[in-house]
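First comes the structure, then the notes that go with it.
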Amino acid sequence: MLHHGVNVLAQAANTNHTGKNLLNRDEQLIITFYGVRGSIPSPGPATARYGGNTSCVYIELASGNSLILDAGTGIRALGKRLAQTHQTINILLSHGHWDHVQGYPFFEPIYQPERRIRVFTSTQGEHGQLCSLFNQIDGANFPVSAEQLPSQSECITEDPAIILGDENIIVRRARINHPGGGYAYRIEEDGTSCVYITDNELDPPHKVTTRYDQWVEFCRGVDVLIHDAQYLESDMPTKHGWGHSMVTQVRQLAIDAEAASLVMFHHDPDRSDTEIDFIQQENDAFFRGRRAPSLSVCAAESMRIQLTPQRGKATRIDIN
Ligand SMILES: [Zn+2]
Ligand SMILES: [Zn+2]
């Protein structure tokens with residue numbers, strides 16, 4: 001146990017999970033983007049359309065389970081929505097860098113007495129990520145300390161798929177090529193699939209944790225590939241080794257893995273809306289006439305992707 005309100009769970013957890021699916025929908029997996037920016041929040045007129053909040057993606061599974069990927073500043077707005085529900089909250093952390101944990105002190109459900117929150121993290125990696133969400137809530141760097149939080153939080157190092165206790169949900173992890181380490185996730189449910197790979201350098205100059213061909217296999221045939229595309233070739237060689245990928249590398253991964261759709265994510269804080277529009281235009285031209293990916297977008301706050309399984313056919317993907 002780290003704090004009164006924050007337990008470290010190392011044993012197999014019970015499988016009594018979540019609340020109800022509150023949305024009216026028909027067997028869909030829904031991905032909603034609450035923060036798409038890398039490194040540091042970047043609000044302002046130049047980034048208003050794609051958004052300035054840092055990493056946070058919400059996945060609602062058809063089973064009624066839901067998963068939050070990372071707790072950057074985007075999680076604040078998600079917290080306002082979830083505060084109206086009673087469901088158990090599941091957070092999968094990629095790693096503990098600020099832009100992936102910084103929103104958590106402002107996540108409304110942590111102040112709700114009956115709220116159960118499970119944080120899936122890891123003790124692996126150079127710096128260790130265990131409970132990095134709570135370490136910042138220490139009474140000095142933030143006015144509240146984690147011991148004072150009324151919610152019931154657990155840090156879990158077990159496989160998320162085991163904890164969720166639903167045999168139809170598969171969660172796989174892969175280690176990212178990033179300073180300090182961390183994890184990417186592949187989530188599958190009843191024939192629909194999504195991969196979340198943020199803060200990953202596909203071709204790093206330092207020791208490779210996961211090779212390119214292993215990434216291709218990890219992403220093979222996925223419905224939605226979300227990948228860090230922070231840099232352009234013009235950013236190199238200065239930023240080679242900083243732990244992020246170039247747009248051109250991510251395009252190639254989507255092709256090699258035959259991903260049905262590609263979402264470029266973790267935009268550089270200095271990348272304006274106009275510049276991201278230009279990347280989108282270039283992507284559209286590059287992918288034209290190719291079989292996969294059939295859809296490509298640059299992530300934007302409030303963007304929703306709906307995956308609908310089709311019997312005997314490829315998953316229907318709707319982006320809006
Ligand atoms: Zn990041
Ligand atoms: Zn990082």
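In listed order, ligands and their atoms are each counted from 1.
For the 3.5 Å distance criterion, the side chains of H100 and D199 qualify, holding a donor opposite an acceptor. A side-chain donor-acceptor contact under 3.5 Å links S42 and R37.
Residue pairs satisfying the salt bridge (Lys or Arg N to Asp or Glu O under 4.0 Å) criterion with at least one member in residues 242-252, sequence neighbours excluded, are listed as follows: R251-E282.
Applying the side chain to side chain donor-acceptor pair (under 3.5 Å) rule to Y34 yields the partners R81; only residues at least two apart in sequence or on another chain are considered. By the ring pair (Phe, Tyr, Trp, His ring centres under 6.0 Å) test, F286 is found to be paired with no residue, residues two or more places apart in sequence or in another chain being considered.
Sorted by chain and number, the protein atoms of type N, O or S within less than 2.8 Å of the Zn ion (ligand 2) are H95 NE2, H97 ND1, H178 NE2, D199 OD2.
Ring orientation note: the planes of H178 and H97 are tilted relative to one another, at an angle of 30° to 60°.
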